[in-house]
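In what follows, every chain begins at residue 1, and chains take the letters A, B, ... in the order their sequences are listed.
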There are 2 protein chains.
Amino acid sequence: MQPIDHPKSLMEVTAEQIRCAIVSGELPLGSKLSEQRLADALGVSRSPVRDALAALQSEGLVRISPKRGTFVFTPDLRVVDELCEHRTILETAALHLGIERNHAKLLRDLENSGAAMERALAAKDAHGYTMGDHQFHNAIILGAENRSLAKSYNLTISPLKALRTHLFTIMSENTDRSMKEHLAVINAVRAKDVELAVSQLADHIGHLAEAFRTKLRSEKSSNVKRAM
Amino acid sequence: MQPIDHPKSLMEVTAEQIRCAIVSGELPLGSKLSEQRLADALGVSRSPVRDALAALQSEGLVRISPKRGTFVFTPDLRVVDELCEHRTILETAALHLGIERNHAKLLRDLENSGAAMERALAAKDAHGYTMGDHQFHNAIILGAENRSLAKSYNLTISPLKALRTHLFTIMSENTDRSMKEHLAVINAVRAKDVELAVSQLADHIGHLAEAFRTKLRSEKSSNVKRAM
DNA sequence: AAGTGACATGTAACATGGCAGTTTGACACC
DNA sequence: GGTGTCAAACTGCCATGTTACATGTCACTT
């Protein structure tokens with residue numbers, strides 16, 4: 001016996017569709033959306049689309065300009081820096097808590113996702129590597145066993161996920177170093193060395209932030225097309 | 001001549017009204033709301049009310065149960081613990097950053113709000129003390145100069161603000177110790193002693209969490225009345 | 001050619017109506 | 001007294017209509 005989970009409302013699936021389209025790059029960054037067009041494309045009315053866009057705005061994935069339109073977010077250098085700093089704070093704190101209060105499960109989950117990433121790396125599977133990476137960091141957050149923290153994390157991380165697929169299309173990021181850093185974190189966790197694990201993790205996210213910065217600086221194009 | 005700032009949308013003022021009513025205690029915790037009644041009471045249609053409630057749900061102030069009704073949140077012991085832990089993580093990280101990159105302004109703001117709290121304390125002004133307290137912690141968050149962090153903080157802190165007014169009606173909390181702890185943080189910040197400031201702040205929030213716990217344990221009543 | 005303003009178009013905000021799921025309570029029945 | 005039934009009331013979800021505002025277009029003036 002378990003509480004039955006309600007079937008997802010139309011608004012929720014609509015939000016998932018649009019979120020997925022943004023993260024996957026189907027809807028380009030900065031492109032203009034329209035409630036009506038999205039509703040027509042998804043075969044629903046404007047109401048759920050409107051609700052979904054409002055939810056996505058709170059995730060930072062879209063920006064609703066009153067009476068003007070809704071736009072996919074555009075990566076601003078400062079905003080990305082702030083997001084990465086925020087992410088570092090949440091993840092390092094979660095890692096600290098997880099090692100102390102949830103060591104066995106945390107280590108197991110990290111090792112599993114680490115293995116998945118190594119397999120993907122050997123198979124040159126960029127998408128698989130990204131999935132493993134998300135799984136890895138998600139395990140860190142879940143290890144803290146704090147739903148408020150997890151909710152906040154998921155709400156702030158979406159734009160970074162979208163940026164990742166937009167900037168690193170075909171394994172162009174330094175996956176070798178990334179893999180080594182993940183393994184270093186796992187080793188530190190295995191040794192229950194909180195300080196080392198936290199500093200390794202902070203460095204890892206810092207490197208990602210640096211990669212974002214260099215990529216963003218080289219992309220001055222601000223092309224605002226219509227997508228929907 | 002100056003650029004005219006757009007008047008707030010109906011949804012925004014509606015959300016502010018309802019949020020204020022919850023935080024101030026006008027709408028009791030756990031009470032059942034209704035889009036229709038709220039709309040009638042506020043003199044607007046159901047649309048802005050609905051949007052506002054959705055926004056308040058993402059703040060954790062209300063819980064929308066599909067087809068059943070919307071309820072003001074109820075303080076769950078574990079949820080409150082998690083909120084306080086989350087809050088500690090955000091504030092200590094912000095304080096750390098603020099001392100390093102924004103010391104002068106941070107110290108000034110903290111001293112100002114500290115003085116306001118002392119005045120309120122001398123005048124037995126409970127409301128004034130609470131306002132000063134909010135100002136104090138807000139200054140810490142703003143000191144980090146990270147909008148993502150600040151947004152996340154404001155989104156998670158609302159239930160705690162509501163709890164404070166619900167649990168500590170008439171100066172029943174230990175304001176003397178609270179005041180001393182605030183001053184201790186200020187002194188540590190003045191001395192640029194990051195470690196000390198952070199640990200003092202963590203202790204302070206921990207004490208608040210403890211006060212919440214004891215209060216909540218003594219309130220077993222789960223009276224769900226209708227308010228709107 | 002450059003500037004102006006009327007106008008058409010597109011947008012989201014807001015209002016309202018219909019609908020399906022949930023709760024409630026009266027009431028017949030055991 | 002306890003139990004099952006069912007209908008009415010209530011709820012939020014979704015669809016659609018209406019309105020105010022933003023903006024692009026283009027004839028017209030200078």
Subject >> Partner residues of B/D81 under the salt bridge (charged side-chain N to carboxylate O under 4.0 Å, His left out) criterion, sequence neighbours left out >> reply: B/R213
**OP:** Calculate the interatomic distance between A/K67 atom NZ and D/dC21 atom P; express it in whole Å.
**Re:** 6 Å
Original post:
Which of these nucleotides, C/dC14, C/dA12, D/dA15, is closest to any side-chain atom of A/E35?
Top reply: C/dA12
Original post:
Sequence neighbours excluded, which residues qualify as side chain to side chain contact (heavy atoms under 4.5 Å, CB included) partners of B/A21?
Top reply: B/E26, B/L27
**OP:** Name every residue in residues 13-22 of chain A that has at least one heavy atom under 4.0 Å from any atom of DNA chain C, in order of residue number, or write none if there are no such residues.
**Re:** none
Original post:
Are any of the side-chain heavy atoms of B/L29 and B/P75 separated by less than 4.5 Å?
Top reply: yes
**OP:** Name all pairs fulfilling the ring-ring contact (aromatic ring centres under 6.0 Å, His included) condition that reach into residues 74-111 of chain B, sequence neighbours left out, sorted by first residue then second.
**Re:** none
**OP:** For the side chain of A/S9, starting at C-beta, report the closest nucleotide among C/dT11, D/dC14, D/dA15.
**Re:** D/dC14
Subject >> Whole angstrom value for the distance that separates P of C/dG10 from CZ of A/F71 >> reply: 15 Å
Subject >> Side chain of B/K32 (C-beta onward), nearest among D/dG12, C/dC14, D/dT11 >> reply: D/dT11
Subject >> Interface residues of residues 46-57 of chain B with DNA chain D (non-hydrogen, below 4.0 angstrom) >> reply: B/R46, B/R50
Subject >> For A/S113, side chain to side chain donor-acceptor pair (under 3.5 Å) partners two or more places apart >> reply: none
Original post:
Please, which pairs that meet side chain to side chain donor-acceptor pair (under 3.5 Å) have at least one residue in residues 53-66 of chain B, sequence neighbours excluded?
Top reply: B/R19-B/E59, B/E59-B/S158, B/S65-B/R68
Subject >> Qualifying salt bridge (Lys or Arg N to Asp or Glu O under 4.0 Å) pairs with a residue from residues 8-18 of chain B, counting only residues at least two apart or across chains >> reply: B/K8-B/E16
**OP:** Send over the distance from B/D40 CG to D/dC10 P, rounded to a whole Å.
**Re:** 13 Å
Subject >> Aromatic plane relationship, A/F136 with A/H182 - under 30° parallel, 30 to 60° tilted, over 60° perpendicular >> reply: perpendicular
Subject >> Which nucleotide in C/dA12, C/dC14, D/dT16 has an atom nearest any side-chain atom of A/S45 >> reply: D/dT16
**OP:** Let me know the distance between NZ of B/K8 and P of C/dC14, rounded to the nearest Å.
**Re:** 14 Å
**OP:** Rounded off to whole Å, could you give me the CE-to-C1' distance for the B/M11 and C/dA12 pair?
**Re:** 12 Å
Original post:
Is the phosphate of D/dG12, meaning OP1 or OP2, less than 4.0 Å from a side-chain N or O of B/S65?
Top reply: no
**OP:** Mind jotting down which residue pairs meet the salt bridge (Lys or Arg N to Asp or Glu O under 4.0 Å) criterion with at least one end in residues 38-49 of chain A? Sequence neighbours excluded, please.
**Re:** none
Original post:
Starting at the 5' end of DNA chain C, which residue's closest nucleotide do you reach first, B/G43 or A/P66?
Top reply: A/P66
Original post:
From D/dC14, D/dG12, D/dA15, pick the nucleotide closest to the side chain of A/L10?
Top reply: D/dC14
**OP:** Nearest whole angstrom, please: distance from the C1' of C/dA12 to the CZ of A/R63.
**Re:** 14 Å
Original post:
Separation of B/Q36 atom CD from C/dT16 atom C1', in whole Å?
Top reply: 10 Å
